[in-house]
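The model shown is predicted, which means the values in this text are computed figures rather than measured ones.
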Amino acid sequence: SSQRPLNADFVLNQPRYHGAQILLTRDNFGCGSSREHAPWALEDYGFRALIGASYAEIFYNNCFKNGLLPIVLSAAEVDELFMQVAAQPGYRLSIDLEAQTVQRPDGKVLQFEVETYRKHCLLNGLDDIGLTLQHAEKIKTFELQRRNERPWLFT
């Protein structure tokens, strides 16, 4: 850990945001973050989901690959969330990935879309390697069959 003092002006250093797991973002969030380091850093900080109107495409895809849920809501919905968060210390959102909903403290439920494949991966904690390992027996059978059919490839 760094011995450097925290910048008190940085919004995430405000006590009201300590332990936050959802990050509200603005348009085209993640622009310029084409490597996986950006989602890694967000996840290391403790975020599990992002809510914004739009994301940079590569960043968006890398979020899913690293277990981070980037939720897309309308610009109006995101603006309203920003206003409510600023006005209400202790504001808490609840995300239900299975139902694809974000619930506000006032009970209003916002719907979001997520591809079935990506939802499956997030709900089951699967990355690309985990997905592949789900087929380990089929892979083993294929490799044995290939070795028997073409033994010269394995000498």
Side-chain angles (χ1 to χ4, degrees), residues 1-4 6-7 10-13 17-79 81-82 85 91-105 107-155:
S1 119
S2 174
Q3 299 302 317
R4 217 171 27 161
L6 293 177
N7 177 350
F10 180 58
V11 68
L12 294 179
N13 288 336
Y17 298 118
H18 285 216
Q21 294 184 336
I22 302 169
L23 179 65
L24 291 179
T25 69
R26 293 292 183 185
D27 290 340
N28 203 26
F29 187 78
C31 179
S33 301
S34 62
R35 295 195 176 138
E36 293 187 22
H37 296 82
W40 289 347
L42 291 168
E43 188 176 32
D44 284 350
Y45 191 86
F47 292 113
R48 298 296 170 251
L50 312 173
I51 298 176
S54 65
Y55 301 91
E57 184 178 356
I58 295 172
F59 172 82
Y60 180 80
N61 291 322
N62 282 337
C63 283
F64 284 106
K65 288 181 180 184
N66 290 284
L68 197 59
L69 173 62
I71 295 172
V72 176
L73 297 177
S74 73
E77 290 170 322
V78 172
D79 286 342
L81 289 174
F82 268 102
V85 167
Y91 189 87
R92 296 278 185 254
L93 294 170
S94 177
I95 297 172
D96 183 337
L97 176 56
E98 192 114 32
Q100 296 177 206
T101 60
V102 176
Q103 184 169 0
R104 299 183 337 194
K108 184 171 182 179
V109 175
L110 309 171
Q111 296 285 326
F112 65 90
E113 295 298 318
V114 63
E115 294 174 36
T116 303
Y117 164 78
R118 290 179 163 174
K119 181 177 173 178
H120 169 78
C121 290
L122 288 173
L123 287 172
N124 294 288
L126 297 171
D127 59 9
D128 291 340
I129 294 170
L131 283 168
T132 301
L133 290 177
Q134 286 185 311
H135 304 283
E137 285 304 313
K138 289 179 184 176
I139 294 168
K140 184 177 178 182
T141 300
F142 171 82
E143 289 296 328
L144 288 171
Q145 181 180 352
R146 187 164 182 231
R147 181 182 287 270
N148 289 335
E149 291 173 355
R150 297 184 174 105
W152 62 88
L153 294 175
F154 298 88
T155 57

If you take all heavy atoms of [X] and [Y], which pair is closest and at what distance?
X      : Y     : answer
Ile95  : Ala49 : CD1-CB, 3.5 Å
Asp27  : Ala53 : OD1-CB, 3.2 Å
Gln111 : Ala99 : OE1-O, 3.9 Å
Tyr55  : Ile71 : OH-O, 2.7 Å
Leu42  : Leu68 : CB-CD2, 4.0 Å
Thr25  : Phe82 : O-CE1, 3.5 Å

Considering only heavy atoms from C-beta outward, does the side chain of [X] approach that of [Y] to under 4.5 Å?
X     : Y      : value
Leu69 : Lys119 : no
Ile22 : Arg48  : no
Ile51 : Leu110 : no

Mark yes or no for whether Asn28, through its side chain, and Cys31, through its backbone, hold a donor-acceptor pair below 3.5 Å.
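Not at all, since once roles are kept as given, no pair shorter than 3.5 Å links the two residues.
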
Test item: Gln100 side-chain N/O and Phe112 main-chain N/O as donor-acceptor pair under 3.5 Å
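It does hold such a pair.
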
Just verifying a value: how many Å separate [X] [atom1] and [Y] [atom2], rounded to the nearest 0.5 Å?
X      : Y      : atom1 : atom2 : value
Gln145 : Lys140 : CD    : NZ    : 14.5 Å
Asp79  : Leu24  : CG    : CG    : 10.5 Å
Tyr117 : Phe64  : OH    : CZ    : 11.0 Å
Asn61  : Arg118 : CG    : CZ    : 4.5 Å
Leu126 : Leu133 : CG    : CG    : 9.5 Å

Taking [atom1] in [X] as the centre, count heavy atoms belonging to other residues, nucleotides or ligands within less than 6.0 Å. Is the count above 12?
X      : atom1 : answer
Glu113 : CD    : no
Arg35  : CZ    : no
Leu153 : CG    : yes
Leu97  : CG    : yes

For Tyr91, ring-ring contact (aromatic ring centres under 6.0 Å, His included) partners two or more places apart:
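Once residues adjacent in sequence are excluded, Tyr91 has no partner under the ring-ring contact (aromatic ring centres under 6.0 Å, His included) criterion.
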
Classify the ring geometry of Phe47 against Tyr45: parallel below 30°, tilted from 30° to 60°, perpendicular beyond 60°. parallel

Side chain to side chain donor-acceptor pair (under 3.5 Å) partners of residues 122-135, not counting sequence neighbours, each pair once =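 Applying side chain to side chain donor-acceptor pair (under 3.5 Å) to every pair that reaches into residues 122-135, excluding sequence neighbours, yields His120-Asn124.
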
Judged by modelled atom types alone, do Asn66 and Glu43 share a side-chain donor-acceptor pair under 3.5 Å? no

